[in-house]
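Note sheet for the following structure.
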Amino acid sequence: MLINKGYSQGDIVCFKIVNGDEVVAKIVEETTDGFVISRPCTVIPSQQGIGLMQSLISGDINSNITLGRNHVIMHSPVI
């Protein structure tokens, strides 16, 4: 059983989102309402294997994003 004791700033975490996407991002802050993350990337399959694509293509890659807990099915640290 995986028990999550919370994340620290700078941890890289994988999120499974309610729409089915898997997002990998760096934690800036964990709040009661969600996660403040930076540099979110969506996991995509390709002919060469698994790849990462910037989640917000027209967004500023250097801005922080808030991901609400109500949009996350599960999450885990990336090893």
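Since the model is a prediction, treat every value here as computed from it, not as a measurement.
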| message | If I take atom CG from residue Asp21 and atom CD1 from residue Ile44, how far apart are they, to the nearest 0.5 angstrom? | response |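 Asp21 CG to Ile44 CD1: 10.5 Å, rounded to 0.5 Å.
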
| request: To the nearest 0.5 Å, tell me how far Asn64 CG sits from Glu29 CD. | output: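 Those atoms lie 9.5 Å apart.
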
So which heavy atom on [X] is nearest to which on [Y], and how close?
X: Ser55; Y: Cys41; result: OG-C, 3.3 Å
X: Asp60; Y: Ser63; result: O-OG, 2.9 Å
X: Pro40; Y: Ile65; result: CG-CG1, 4.1 Å

| task | Run through the side-chain heavy atoms of Ile, Leu, Val, Met, Phe, Trp and Tyr, join any pair under 4.5 Å, and report what else lands in Leu52's cluster. | result |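 Leu52 clusters with Ile12, Val24, Val43, Ile50, Val78.
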
For a 4.5 angstrom cut-off between non-hydrogen side-chain atoms, does [X] reach [Y]?
X: Met74; Y: Glu22; answer: no
X: Gln54; Y: Ile61; answer: yes
X: Asn62; Y: Arg39; answer: yes
X: Ile17; Y: Leu67; answer: yes

| Taking only residues at least two apart or on different chains, which pairs with a member in residues 11-45 satisfy ring-ring contact (aromatic ring centres under 6.0 Å, His included)? |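 Residue pairs with at least one partner in residues 11-45: Phe15-Phe35, Phe35-His75.
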
| said: Restricting to side chain to side chain contact (heavy atoms under 4.5 Å, CB included), what partner residues turn up for Thr32, sequence neighbours left out? | reply: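 Side chain to side chain contact (heavy atoms under 4.5 Å, CB included) list for Thr32, sorted by chain: empty.
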
| request: State yes or no: do Val28 and Val23 share one hydrophobic cluster built from I, L, V, M, F, W and Y residues joined by side-chain heavy-atom distances below 4.5 Å, directly or via other members? | output: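 No, Val28 does not connect to Val23 through the hydrophobic network.
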
